[in-house]
Amino acid sequence: MEARLRCPRCGYRAKSGSRCPACGFPLVLEPPGRLKIEVREPSMWRYGSAIGVAKGVSLGEGMTPMRSVGGVLVKDESRNPTGSFMDRGSAVLASAYPGDRAALPFMEDFTVSIATYLSARGVSVEVHVDPAEATYADFILLAASPSVSIRFRRAGPFDLEYGDPYFLAGVKTIAYEIFESARRIDSVAVPLERGLLALAVHQGFRELEEWGLMEAPRLILATHRGAVSSDIALWLREKGARIEEVEPAEAAKAAVYLARRGIYAKPLSAMAYVAASSEKNAAAVVTGTGLRRLGFTGRRRGGELQRRILGVLSGREMTAYQIWEALGGAASLRGVYKALATLVARGSVTYRYKARGRKKIRVFSAPKGIDKNE
Ligand SMILES: [Zn+2]
């Protein structure tokens with residue numbers, strides 16, 4: 001497929017690459033057509049008409065909940081399969097990736113996410129790690145994956161990078177989902193680190209505006225006080241975004257407030273929440289900490305998933321995979337396994353082994369009459 005890449009800053013058009021050869025700004029992938037929502041597709045691939053890449057791999061990313069928390073609509077991106085908005089980008093990037101091997105730099109959330117998606121596609125992944133830089137938990141998680149090999153050096157060039165135009169084309173679906181929620185939203189606060197998340201969300205809203213579907217809400221870019229603004233942030237400010245610097249103490253308070261409500265926000269995401277809370281009709285894009293990946297999912301979420309599993313399983317025998325499919329992307333497969341383990345330990349679900357061909361499979365069942373509200 002011939003890529004239609006464009007530099008949002010100077011308008012340069014390109015067929016490949018990730019940075020504008022003329023001005024160095026990140027390139028974006030032009031949508032192949034107007035947004036047409038496939039309402040029966042329970043993932044962000046419902047926006048396939050405007051993404052520009054055919055679905056090659058999906059783990060149920062996107063369609064994250066939007067919850068009203070203390071007067072702010074929180075777009076809870078921690079509900080993606082590996083716990084962050086990165087999964088949207090990774091799904092598109094991995095779908096478009098033509099090779100069967102990929103060398104990646106170690107970049108925490110990004111690497112965990114893209115390695116998960118590439119592995120699901122059958123691509124062997126090599127992650128180049130500088131042991132002094134690696135966050136230990138993410139590194140161990142990657143190392144445990146059979147399709148990932150770890151190299152203890154940092155040597156480019158890499159096959160895939162954070163901020164690739166295909167990656168941004170997945171991330172922009174956050175804007176589409178905010179549009180599809182049909183709520184009145186005047187401003188959207190986004191955590192600002194390198195600025196790529198903000199750029200992708202801006203791009204999504206700009207497209208919706210061009211198609212005459214909505215008036216783009218104002219972007220608020222939340223960041224640390226005194227943080228140096230990237231050229232992306234400065235460009236977005238020219239386009240009407242506001243940069244809001246948030247005190248770490250305020251962000252910490254917000255992080256605690258959100259955690260008590262089952263949302264485990266990264267510090268910058270807590271800043272986005274703070275920035276949104278001084279506005280009317282505002283939403284905040286909140287991306288998760290690694291806690292969810294490590295299985296710290298909190299009571300509220302676990303209980304909800306367990307109830308849904310009992311609902312699906314009522315009177316039937318199913319494998320964990322079938323349960324996961326029946327839930328239609330509402331949880332990760334890993335999450336389903338975890339919830340099943342809890343239900344088995346509690347006696348709400350039983351299992352037995354069955355033979356399928358030469359393989360032994362485990363089928364779960366829930367005795368009828370179990371209180372689903374347990
Ligand atoms: Zn340019």
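Each ligand, and each atom within it, is numbered from 1 in the order the structure gives. Just so you know, these numbers use all the heavy atoms, side chains as well, and skip hydrogens, waters and symmetry mates. Along the sequence shown, residues carry numbers from 1.
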**Student:** Does the side chain of Met66 come within less than 4.5 Å of Arg183's, by heavy atoms?
**Tutor:**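 They are in side-chain contact.
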
**Student:** Any idea how many protein N, O or S atoms are nearer than 2.8 Å to the Zn ion (ligand 1)?
**Tutor:**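 Under the 2.8 Å cut-off, the count stands at 4.
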
**Student:** Passes salt bridge (Lys or Arg N to Asp or Glu O under 4.0 Å), Glu279 versus Arg242? Steps please.
**Tutor:** CA-CA 12 Å; Glu279 302 279 322; Arg242 196 180 82 216; 2.9 Å; yes

**Student:** Would you please say whether a donor-acceptor pair under 3.5 Å links the side chains of Glu207 and Tyr176?
**Tutor:**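 Yes, side-chain donor-acceptor contact under 3.5 Å.
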
**Student:** In the hydrophobic clustering (ILVMFWY, side-chain contacts below 4.5 Å, transitive), which residues join Tyr12, or is it alone?
**Tutor:** none

**Student:** Out of the candidates Arg88, Arg79, Arg46, only one should pair with Glu177 under the salt bridge (charged side-chain N to carboxylate O under 4.0 Å, His left out) rule; please name it.
**Tutor:**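 Passing option: Arg88.
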
**Student:** Does any part of the side chain of Asp130, heavy atoms only, come nearer than 4.5 Å to the side chain of Phe106, both counted from C-beta?
**Tutor:**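 A side-chain contact under 4.5 Å is absent here.
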
